[in-house]
Structures are given as structure tokens and as C-alpha cells.
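The structure presented is a predicted model; accordingly, all values stated were derived computationally and were not measured.
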Protein chains: 2
Amino acid sequence: MTKLTSLKSEKRLLDRRAADQIRAHILDGVLPAGARLLETQLSEELEVSRGTVRSALAQLAGEGLVQQVAFTRWEVSGASVADAWEIYTLRGVLEELGARLAVANITEADGARLRSIVADLLRAIREERFQDATDIDFDLHAAIIALARHRRLAEQHRFIMQQVRFHMVQSGFLPKNYDELIAEHAALVDAVIARDAETAERLARSHNEAEVKLLTRLLRQGEATEAAAG
Amino acid sequence: MTKLTSLKSEKRLLDRRAADQIRAHILDGVLPAGARLLETQLSEELEVSRGTVRSALAQLAGEGLVQQVAFTRWEVSGASVADAWEIYTLRGVLEELGARLAVANITEADGARLRSIVADLLRAIREERFQDATDIDFDLHAAIIALARHRRLAEQHRFIMQQVRFHMVQSGFLPKNYDELIAEHAALVDAVIARDAETAERLARSHNEAEVKLLTRLLRQGEATEAAAG
DNA sequence: GCAACCGGAATTGCTGACAATCAATAATCG
DNA sequence: CGATTATTGATTGTCAGCAATTCCGGTTGC
């Protein structure tokens, strides 16, 4: 929950760093879904011009974290059931592709690295450092995607995982069963290391199946009650 | 091969319209892969300020059509074998998801619309209007994706298809076998209409498999010769 | 009482000018 | 003569200000 601080130092482009700060605030939940973003206020807090803020907001819009209502406002994107359903279904196929391609590329050293990340995850859970565990979970998936050596896939995956993280923060979502979580990840990593593309693919895709099914049901319910109300 | 013309009229935001014009020029092949884009020149041709051009270029960068080299240049993205491989593999899983979801949503009217698009495609090919045929091909895939009712998927698919189109223009790619093309599309549409998710999914994914396999082979060759040279 | 209309304040959209950076070339030194 | 360092021109990055649009309150007319 750090405060927005001034930039103007370092080497990266100003608008990127402005986007970094705003993004961090969104992902931390400081700026909740639907929150309005005022260009002037942000430019004062970040000590950059409005144009730079505008560029940063446009980037975040491209990442799906922010929405622009022309001539009217910028706001943090929604975290509705429909959004979550979109995010998790997309994640599923991206990770399916990632796992398939990772199998084709993985080396011994890569396999060792994945195994060590799983070990870290296990340790964090045993020691009840659940925030760390979530971070490591994300790292593991990113590491598998990286093995796919697919620039566009990696970028899309990063954006989707940002939205997953945002949705988890907004909805207060936490894994229910850590043993199962560990088992699933271990099985996926094993399949990738064993170069068993079919299994890896299936596990990657089914990793979120429970959430997707729940969300699909909620979505159907929502549509039904909406139809009944209208 | 129309010339870039002035904007400043209509209701949409200026930077969006600027992006539209530049995008059209890229997709038409007027601006080839690697071409440098000068902010000043574009701003003069489009009769908008440099800031507006900058915003437009940033959007196109988000769509993957343009790349920014900080402090140095904007250029049209590459159309290398690696790029094509990325584009087609991503397209595969996006359309796989789209087909699966379309099956869950499709109505009789939707089915009729898809069939009529296939008929249009067949007619265009029989009459040897191959440019039209390509457009209709794209329309058909977009129509199936639209049935998925998945905003994020539709957007990503639009971006990927833009890149597919660009790559086709750059490489002079043309389908080799129009009969097979028709048969594949008809089979996919039939499967979606029949609500056969498994078949639809498989057909959507395998639709580009020939290209992907070719590209994978080319990519491996490229890496091999590079390694031999280095 | 209520709807339509009109201002003014707040906010976003766009621009021109200035600063920072880079690439290419000329000048300098060994 | 070759390598390294200024210099210069071109290009991108950032800013502050004006213009256009929307939102919200009050006012007017019915």
C-alpha cells in the first residue's frame, strides 16, 4: 500500500514508469474495479505531465486493466463474473499452448529450475506464507510459458495473468486446497519434463477447469435472473 | 494503394482514426515489414499533431503491427518465419477456444448465417475472385469467434488475424488448394452447427496445422544454419 | 410538479514548442 | 593510418496551454 511517488530519474521512458506505478496500485487493490482515474490528479501525484499520464493509461488500457470512456473518463476495468470467465478461459488455452511448446524445448537445466520452483512453492505453503505461495505459483506458470520461446504468447500470458491477479485481489479469492494445488503443479511439471506433450497440454488446460465451470454456472445464473427481471 | 488523407472530421477520436489509416497502409503492404515510420512525416500527411500520431503508433504497437525503438524510431513489425510461426500457433488455440464456445451458443439463425458465408466463399472461388475469397475467409472465422461471446478473445483474435493478413501480403502467400479450403471450412461450420464441440475444436486447431508444420521446419532449419554459421 | 433547456465548472482531447537522445560524420590524437 | 572523441543534424520524449466535450446544477416554461 505504498503511496504514488515521483518519477523523473532512472533511464526508462517516463510513460512506462508511470504505467508501472499505476499498474502496481491497481494490482494491489488500492484502486478497485470501477475506480475513476483523473489525469490531472495522477499527473500531480506522479509529477509528470498530463500527456505522459495519458500515454500510461493508454498502455494499461491495452493490457486490459483500464478502460477509456471517450471524452468522459478513465476507469479501472471491471471484475465481474463475465470478466473472470473470459480471463480464465483465455488463460486455459494460452497455457495449453505454452505447455505443448515447452515440452518441445525443455532441457535438463530447465527441468531442474522448474522442480526447484515447485519446491519453493511447497515450502511457502508448509510455512503458511500464502502471499509468497501465490507469487511463486505465478512464477512457475511464467517459467513454463518462457520455455515455449514464443514472444507473443509470453506477452499475452503476462497480460492475462495480471488480470487473474487483479481479479483474485478484488474477489478475495484464495485456493481452497493447497495439497491439490501442489499435486497439480507437480504433475504438470513432471509431464513437461517427461516430454509428454499430450498430458502436459491436458493438465495445463484443466488447471483452471474448476474455476471455469463455477464461473460458467454463475454466468448462466446471472443471465437467467437478468432475463427474469427484464 | 490510396494515399494517406487528412482526418479532422467525423466523430471518433483523432488518434483512433490516425491509427486506422496507418493500419490500412500496413495491411495493404504500402508500408512493408521493417519500414521506418517518421512521426513528423505522418503528422504532416494526416494533418494532425505529432502527439496524436504518437498515440496512434502506440496503439498499433499494442496490436503488434508496429515496434518502437526508444528514442530512435518506429518501424513496421517484422514478418520473419519466427513471427509467422508465433502468429499461426496463437491463432490455432484462439480459434480452438472460439469454436468450442461457439458450439455452446449457436442458434439456428447463427447457423444459417455461417452457411451463407460459406456459400459466398464458394461462389467467390468459383468466380475466381480470390481477393474477395480471402476477405470472406476472414469474415467467416470472425463470425465464429463472435459466437463465442468473449470480448477479450474477439479482440485478441482480431489482432492476430491482422497479423496473419499482413504476413500473407508480405510473403505473397496464397492458398494452394481451394477445394480443400472450402471442404475444411464447411466441415468446421457443420461441426459447430451440429454442436459437436470436440470435432469443431479439433478442426479449428488443425486448420492451420500444415502452415504451422511448414513454419516449424523452416524455423528449425534457420536455427541450424545459424548455429553452423556462428 | 416536471420536463426541457441553458450556463459554468470539470475533465478530457489536441496542439505547438522545447528538451533529451541518438546516429552519422568530422575532427583529434596516438 | 586507425581508433577515439567532439559536433551536428535529425528524431523522439516531455511539457504546458488552449479547445472541445461532458456533467451537473439551476432556471424556465408548460
Side-chain angles (χ1 to χ4, degrees), chain A residues 4-23 25-26 31-78, chain B residues 4-23 25-26 31-78:
Chain A
L4 290 176
T5 72
S6 167
L7 307 171
K8 63 174 179 186
S9 52
E10 297 185 46
K11 197 74 192 184
R12 295 182 57 222
L13 256 36
L14 259 186
D15 55 351
R16 310 293 176 90
R17 284 184 286 153
D20 289 346
Q21 295 240 1
I22 301 170
R23 185 189 301 111
H25 267 52
I26 293 174
L31 294 167
R36 181 165 191 184
L37 299 163
L38 294 180
E39 295 180 359
T40 308
Q41 180 188 329
L42 289 172
S43 83
E44 280 171 12
E45 288 182 4
L46 297 169
E47 296 185 53
V48 296
S49 82
R50 253 188 63 224
T52 303
V53 168
R54 218 155 200 306
S55 170
L57 290 174
Q59 284 172 239
L60 296 176
E63 297 177 15
L65 291 178
V66 152
Q67 281 177 315
Q68 180 180 30
V69 185
F71 291 109
T72 305
R73 64 197 299 164
W74 295 89
E75 59 192 26
V76 178
S77 293
Chain B
L4 290 176
T5 72
S6 166
L7 306 172
K8 64 174 178 186
S9 52
E10 296 186 45
K11 196 76 190 181
R12 297 181 56 222
L13 257 37
L14 257 186
D15 56 350
R16 310 293 176 89
R17 285 184 283 151
D20 289 345
Q21 294 241 0
I22 301 171
R23 186 189 301 111
H25 267 53
I26 294 174
L31 294 167
R36 182 166 190 185
L37 298 164
L38 295 181
E39 295 181 358
T40 308
Q41 182 187 329
L42 289 172
S43 84
E44 281 172 10
E45 288 183 1
L46 297 168
E47 297 185 53
V48 295
S49 82
R50 251 190 65 225
T52 303
V53 167
R54 239 165 126 51
S55 171
L57 289 174
Q59 286 171 239
L60 296 177
E63 298 176 14
L65 292 178
V66 151
Q67 283 178 313
Q68 180 179 29
V69 185
F71 292 108
T72 305
R73 63 196 302 167
W74 295 89
E75 58 192 25
V76 178
S77 293

Any chance you could measure [X], atom [atom1], to [Y], atom [atom2], to the nearest 0.5 Å?
| X | Y | atom1 | atom2 | answer |
| --- | --- | --- | --- | --- |
| Arg50(A) | Leu38(A) | CZ | CG | 10.5 Å |
| Arg54(B) | Gln68(B) | CZ | CD | 6.0 Å |
| Leu42(A) | Ile22(A) | CG | CD1 | 4.5 Å |
| Ser55(A) | Leu14(A) | OG | CG | 10.0 Å |
| Trp74(A) | Gln67(A) | CH2 | CD | 10.5 Å |
| Leu65(B) | Leu57(B) | CG | CG | 11.0 Å |

In this structure, how many angstroms lie between the [atom2] atom of [N] and the [atom1] atom of [X], rounded?
| X | N | atom1 | atom2 | value |
| --- | --- | --- | --- | --- |
| Leu37(A) | dT12(C) | CG | P | 9 Å |
| Trp74(B) | dC22(C) | CH2 | P | 16 Å |
| Glu44(B) | dT15(C) | CD | P | 13 Å |
| Leu42(B) | dT15(C) | CG | P | 14 Å |
| Phe71(B) | dA20(C) | CZ | C1' | 7 Å |
| Glu39(A) | dC14(C) | CD | C1' | 11 Å |
| Leu13(A) | dA19(C) | CG | P | 18 Å |

- Considering only heavy atoms from C-beta outward, does the side chain of Val48(A) approach that of Arg17(A) to under 4.5 Å? no

Base, sugar-phosphate or nothing for [X]? Non-hydrogen atoms, less than 4.0 Å.
| X | value |
| --- | --- |
| Arg54(B) | base |
| Arg16(B) | nothing |
| Gln41(B) | nothing |

- Note on the structure: By nearest-heavy-atom nucleotide on DNA chain D, the more 5' of Val69(B) and Ala70(A) is Val69(B)

- Message: Restricting to side-chain hydrogen bond (donor to acceptor under 3.5 Å, both in side chains), what partner residues turn up for Gln59(A), sequence neighbours left out?
- Response: none

- Query: 5' to 3' on DNA chain D, which nucleotides open and close the contacts with chain A (atom under 4.0 Å from a heavy atom)?
  - Reply: dG13(D) to dC23(D)

- Task: Please report the shortest heavy-atom distance between Val66(B) and Ser77(B), naming the atom on each side.
- Result: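 Heavy atoms only, the tightest pair is N-OG, 3.2 Å.
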
- Select one nucleotide: of dT12(C), dC14(C), dC22(C), the one nearest the side-chain heavy atoms of Arg36(A). dT12(C)

- Tell me, which of residues 57-66 of chain A have any heavy atom that sits under 4.0 Å from an atom in DNA chain D? none

